[in-house]
Trainee: 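For reference, the structure I am asking about is given below.
Since we're looking at a predicted model, the values are computed, not measured. Excluded from the calculations below are hydrogen atoms, water molecules and symmetry mates; all remaining heavy atoms, backbone and side chain alike, are included.
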Amino acid sequence: MKKEINRITLEILQGDIIDQQDMDTIVNAANARLLPGGGVAGAIHQAAGPELAKESEPLGPIEPGEAVITRAHKLPNKHVIHCLGPVYGRDKPEDKLLANCYRNALKLAEDNGIESIAFPSISTGAFGFPVEEAAEIAIRTITENLPELKSVKKIRMVLYSRSDKIIYENTLQEFF
């Protein structure tokens with residue numbers, strides 16, 4: 001699914017975040033210390049090689065909602081933006097912290113002249129955030145920040161499962 005909003009393409013697709021060769025930047029659903037782990041972070045670090053951990057580790061620890069940027073190393077992208085999403089039920093207020101992940105990632109993309117950025121569904125795996133609620137926060141935060149974007153021309157949500165993709169598509173349709 002694709003929508004053109006304020007000359008920016010917002011798209012939702014099912015796939016793997018590490019297979020976004022046409023995107024300048026991918027977003028890592030990172031852990032606080034920015035080290036390899038499980039899930040999205042583990043896959044990104046494995047694909048990028050050990051140089052990613054060497055570059056990112058000194059930038060941590062980060063707090064929920066914060067984001068930092070590194071090079072992408074062996075990935076086909078130019079950059080990786082690492083965001084620490086909130087743990088649902090523990091990090092409060094989780095809705096604002098999750099929104100900050102998207103907001104801060106978009107700000108870093110804009111500050112670094114990035115034209116395209118791909119997000120996973122942050123915090124919905126091991127951090128336990130309900131997908132429906134996370135989709136609403138992600139889509140709302142992204143669309144609220146579109147008027148401030150000058151260099152970013154394409155934003156992609158990459159959902160690993162078909163069911164998550166459908167939830168994000170339905171949420172985007174509700175907004176537009």
Trainee: To the nearest 0.5 Å, how far apart are CD in E169 and CG in D164?
Mentor: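 It comes to 11.0 Å.
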Trainee: Which other residues belong to the hydrophobic cluster containing L97, where Ile, Leu, Val, Met, Phe, Trp and Tyr are joined when side-chain heavy atoms lie under 4.5 Å apart, directly or via other members?
Mentor: none
Trainee: List, by chain and then residue number, the residues other than V158 in its hydrophobic cluster (Ile/Leu/Val/Met/Phe/Trp/Tyr, side-chain heavy atoms under 4.5 Å); write none if there are no others.
Mentor: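 Besides V158, the cluster holds L13, I17, I18, I26, V40, I44, L52, L75, V80.
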Trainee: Determine yes or no for a side-chain-to-main-chain donor-acceptor pair under 3.5 angstrom, with N170 supplying the side chain and E174 the backbone.
Mentor: no
Trainee: Any side-chain heavy-atom pair from S123 and V87 closer than 4.5 angstrom?
Mentor: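 When only atoms from C-beta onward are counted, V87 and S123 do not touch, as no gap falls below 4.5 Å.
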Trainee: Do the side chain of N77 and the main chain of Q21 share a donor and acceptor less than 3.5 angstrom apart?
Mentor: no
Trainee: So, using side chain to side chain contact (heavy atoms under 4.5 Å, CB included) as the criterion, who are the partners of E63 when residues are at least two apart?
Mentor: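 Partners of E63 under the side chain to side chain contact (heavy atoms under 4.5 Å, CB included) test: E66.
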Trainee: Is it true that atom CD of E132 has more than 12 heavy atoms of other residues, nucleotides or ligands lying nearer than 6.0 Å?
Mentor: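 Yes, CD of E132 has more than 12 neighbouring heavy atoms, counting only those of other groups under 6.0 Å.
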Trainee: Hey, could you give me each pair passing ring pair (Phe, Tyr, Trp, His ring centres under 6.0 Å) that has a residue in residues 29-85? Not counting sequence neighbours.
Mentor: none
Trainee: Looking at K154, I want to see if its NZ is surrounded by more than 12 non-hydrogen atoms of other residues, nucleotides or ligands under 6.0 Å.
Mentor: yes
Trainee: If you measure from CG on L159 to CD on Q14, what distance do you get to the nearest 0.5 Å?
Mentor: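 Reported value, rounded in 0.5 Å steps: 8.0 Å.
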Trainee: Between K150 and P147, which heavy-atom pair has the shortest distance, and what is it?
Mentor: NZ-O, 3.3 Å
Trainee: Rounded to the nearest 0.5 Å, what separates atom CG in L84 from atom CD1 in I122?
Mentor: 9.5 Å
Trainee: With sequence neighbours left out, which residue pairs that include part of residues 120-161 fulfil the ring pair (Phe, Tyr, Trp, His ring centres under 6.0 Å) condition?
Mentor: Y88-F129
Trainee: Using a distance-only test with no angle check, is there a side-chain donor-acceptor pair under 3.5 angstrom linking E110 and S151?
Mentor: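 The answer is yes; a qualifying pair exists.
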Trainee: In Å and rounded to the nearest 0.5 Å, what is the CG to CG distance from L34 to N28?
Mentor: 8.0 Å
Trainee: Is the number of heavy atoms from other residues, nucleotides or ligands under 6.0 Å of R33 CZ greater than 12?
Mentor: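 Open.
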Trainee: So which atom in A105 and which in A67 form the shortest heavy-atom distance, rounded to 0.1 Å?
Mentor: N-CB, 4.1 Å
Trainee: Which residue pairs satisfy the salt bridge (charged side-chain N to carboxylate O under 4.0 Å, His left out) criterion with at least one member in residues 39-53, sequence neighbours excluded?
Mentor: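 Listed by first then second residue: nothing to list.
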Trainee: Quick one: do I62 and V68 satisfy side chain to side chain contact (heavy atoms under 4.5 Å, CB included)? Show the steps, please.
Mentor: CA-CA 8 Å; I62 61 173; V68 297; 4.0 Å; yes
Trainee: To the nearest 0.5 Å, how far apart are CD1 in I139 and CE in M157?
Mentor: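 It is 6.0 Å, given to the nearest 0.5 Å.
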Trainee: Between A99 and I137, what is the shortest heavy-atom contact and its length?
Mentor: N-CG2, 3.6 Å
Trainee: Let me know which of T9, I8, N145, I5 forms a side-chain contact (heavy atoms from CB on, under 4.5 Å) with I155.
Mentor: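 Answer after filtering T9, I8, N145, I5: I8.
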Trainee: Tell me the ring pair (Phe, Tyr, Trp, His ring centres under 6.0 Å) pairs involving residues 97-121, sequence neighbours left out?
Mentor: Y102-F119
Trainee: Quick one: which residue pairs count as a side chain to side chain donor-acceptor pair (under 3.5 Å) with a foot in residues 91-101, not counting sequence neighbours?
Mentor: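 Checked against side chain to side chain donor-acceptor pair (under 3.5 Å) - neighbours excluded - the pairs reaching residues 91-101 are K92-E94, N100-R103.
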Trainee: List the atom of N31, the atom of P36, and the distance in Å for their closest heavy-atom pair.
Mentor: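 Here N31 and P36 meet closest at ND2-O, 4.0 Å.
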Trainee: Excluding sequence neighbours, so at least two apart, what forms salt bridge (charged side-chain N to carboxylate O under 4.0 Å, His left out) with E133?
Mentor: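 Result, salt bridge (charged side-chain N to carboxylate O under 4.0 Å, His left out) vs E133: none returned.
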Trainee: If two hydrophobic side chains count as joined below 4.5 Å and joins carry through other members, does V131 share a cluster with L98?
Mentor: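 Per the 4.5 Å side-chain linkage, V131 and L98 are co-clustered.
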Trainee: Using atom types as modelled, flag every donor-acceptor pair under 3.5 Å from a side chain in residues 111-118 to any protein atom, sequence neighbours excluded.
Mentor:
| unit_1 | atom_1 | unit_2 | atom_2 | d |
| --- | --- | --- | --- | --- |
| D111 | OD2 | K107 | NZ | 2.9 |
| N112 | ND2 | L108 | O | 2.8 |
| S116 | OG | D24 | N | 2.7 |

Trainee: Taking all non-hydrogen atoms of both residues into account, name the closest pair between C101 and C83 and its distance.
Mentor: O-SG, 3.5 Å
Trainee: My understanding is that a hydrophobic cluster links ILVMFWY residues whose side chain heavy atoms are under 4.5 Å apart, including indirect links. Using that, what else belongs to the cluster containing M23?
Mentor: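 So far as hydrophobic clustering goes, M23 is joined with none.
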Trainee: When you group the ILVMFWY residues by side-chain heavy-atom contacts below 4.5 Å and let the links chain together, are F176 and L149 in the same group?
Mentor: yes
Trainee: Please check if the side chain of T141 supplies one atom and the backbone of A138 the other of a donor-acceptor pair under 3.5 Å.
Mentor: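 Checking the backbone N and O of A138 against the side chain of T141, no donor-acceptor pair under 3.5 Å is found.
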Trainee: Output the distance between atom OG1 (T171) and atom CD1 (I166), rounded to the nearest 0.5 Å.
Mentor: 11.5 Å
Trainee: List for me each residue that meets salt bridge (charged side-chain N to carboxylate O under 4.0 Å, His left out) alongside R156, sequence neighbours excluded, and say none if there are none.
Mentor: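 R156: salt bridge (charged side-chain N to carboxylate O under 4.0 Å, His left out) contacts with E11, D22.
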Trainee: How close do A72 and A48 get, heavy atom to heavy atom, and via which atoms?
Mentor: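 Smallest heavy-atom distance, with atoms named: O-CB, 3.6 Å.
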